[in-house]
Amino acid sequence: MTTIHPTAIVSPEAKLGEGVEIGPYSVVGPHVAIGDGTKLMSHVVMDGWTTVGRECEIFPFACVGTQSQDLKYKGAKTSVEIGDGTTLREYVTVNSGTKEGEVTRVGSRCHIMTCAHIAHGCALGDGVIMVNGSLLAGEVTIEDQATVGALTGVHQFVRIGRMCFVGGMSRITQDCPPFMIVVGIPPEVPGINSVGLTRKGVSPDSQARLKEAHRLLYRGGLSTRQAVEKIRGDIATCPEIEYLVAFIEKSERGIVK
């Protein structure tokens with residue numbers, strides 16, 4: 001059964017699934033759709049063209065779907081999409097897009113901690129973790145199962161690769177390769193994300209190949225292009241190596257070196 005606290009303000013046009021809970025003093029706008037079993041705690045604001053999946057938890061004072069802070073926003077119809085089983089902790093902000101039709105996406109089973117900010121047009125994959133106070137500028141991409149540490153700022157248009165771990169209090173202005181650890185101001189890449197890769201089931205053999213790829217990229221005295229050529233020629237391929245090389249070759253901002 002869906003329950004709405006008497007002090008909450010919920011538009012009659014909002015679409016609420018089965019078992020949704022709307023807590024005290026929360027506000028839900030007319031174009032919002034909330035999936036089955038999702039819980040909004042007290043003082044949550046959910047507005048704009050926003051869709052939230054099933055079994056999500058939205059903690060007090062989170063603000064989802066409000067207008068882009070981009071000064072280029074001129075009233076376009078934009079939206080926010082949140083996947084299933086995602087948690088947004090206290091004071092998280094997820095802004096809608098800027099350009100006509102632009103979507104800000106947060107995947108399923110993400111854990112977005114207190115005071116994190118996700119700006120217009122960002123795209124987060126599944127299983128992403130953003131730690132307290134981490135901040136994404138507009139149109140940032142974070143791939144599946146990556147982690148962004150506390151108080152880290154990410155420049156607009158940056159990509160953070162799959163299973164990458166970005167350490168706390170870093171300043172990220174270029175793409176962060178998948179499977180690596182990136183940390184610092186300016187950021188460095190000290191090694192592969194061994195702990196995360198092991199937890200996520202990446203084999204020791206693939207991890208060994210990624211370590212060799214890291215050596216070529218960061219300790220071989222090679223340009224990025226030369227390192228990629230060496231990786232292709234010297235390291236036996238596996239899905240992780242193929243993914244790493246493809247990510248680097250698609251980079252428009254260049255990778256953190």
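Linking Ile, Leu, Val, Met, Phe, Trp and Tyr whenever their side-chain heavy atoms come within less than 4.5 Å leaves V27 and V32 in two separate clusters. No chain of hydrophobic side-chain contacts below 4.5 Å, direct or via other Ile, Leu, Val, Met, Phe, Trp or Tyr residues, connects V80 to V103. V52 and L16 fall within a single hydrophobic cluster, where Ile, Leu, Val, Met, Phe, Trp and Tyr are joined by side-chain heavy atoms under 4.5 Å apart, directly or via other members. L217 and V183 fall into different hydrophobic clusters, defined by Ile, Leu, Val, Met, Phe, Trp and Tyr side-chain heavy atoms under 4.5 Å apart, directly or through other members.
The existence of a salt bridge linking E212 and R215 is confirmed by a sub-4.0 Å separation between a basic side-chain nitrogen and an acidic carboxylate oxygen. Between E81 and R105, at least one side-chain N (NZ, or NE/NH1/NH2) sits under 4.0 Å from a carboxylate O, which counts as a salt bridge. The existence of a salt bridge linking R232 and E249 is confirmed by a sub-4.0 Å separation between a basic side-chain nitrogen and an acidic carboxylate oxygen.
A donor atom on one side chain and an acceptor atom on the other are not found under 3.5 Å apart for Y73 and E102. A donor atom on one side chain and an acceptor atom on the other are found under 3.5 Å apart for E242 and T237. T2 and E18 are not linked by any side-chain donor-acceptor pair at a separation below 3.5 angstrom, with hydrogens and angles left out of the test. S206 and E240 are linked by a side-chain donor-acceptor pair at a separation below 3.5 angstrom, with hydrogens and angles left out of the test.
Residues M169 make up the rest of the hydrophobic cluster containing L151, defined by ILVMFWY side-chain heavy atoms closer than 4.5 Å, directly or through other members.
Side-chain atoms of S108 come within 3.5 Å of backbone atoms of D84 as a donor-acceptor pair (strictly under, hydrogens ignored). With hydrogens and angles disregarded, a donor-acceptor distance shorter than 3.5 Å links the side chain of S26 to the backbone of M41. With hydrogens and angles disregarded, no donor-acceptor distance shorter than 3.5 Å links the side chain of S170 to the backbone of T152. A donor-acceptor pair under 3.5 Å is absent between the side-chain atoms of D47 and the main chain of T66, judged by distance alone.
For the pair V106 and I118, the minimum side-chain heavy-atom distance is below 4.5 Å. Put simply, the side chain of V189 reaches to within 4.5 Å of the side chain of H214, judged on heavy atoms.
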Evaluate side-chain hydrogen bond (donor to acceptor under 3.5 Å, both in side chains) for T114 paired with E90, printing each intermediate quantity in order.
CA-CA 5 Å; T114 303; E90 296 84 352; 3.2 Å; yes
Contacts under 3.5 angstrom, residues 156-168 side chains, donor-acceptor by atom type, not counting sequence neighbours:
from: R159; atom 1: NE; to: D175; atom 2: OD2; distance (Å): 3.3
from: R159; atom 1: NH2; to: D175; atom 2: OD2; distance (Å): 3.4
from: R159; atom 1: NH2; to: F247; atom 2: O; distance (Å): 2.7

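Between the SG atom of C238 and the CG atom of L210 there is a distance of 6.0 Å, given to the nearest 0.5 Å.
Between Y243 and F179, the two ring planes are perpendicular [angle over 60°; tilted spans 30° to 60°].
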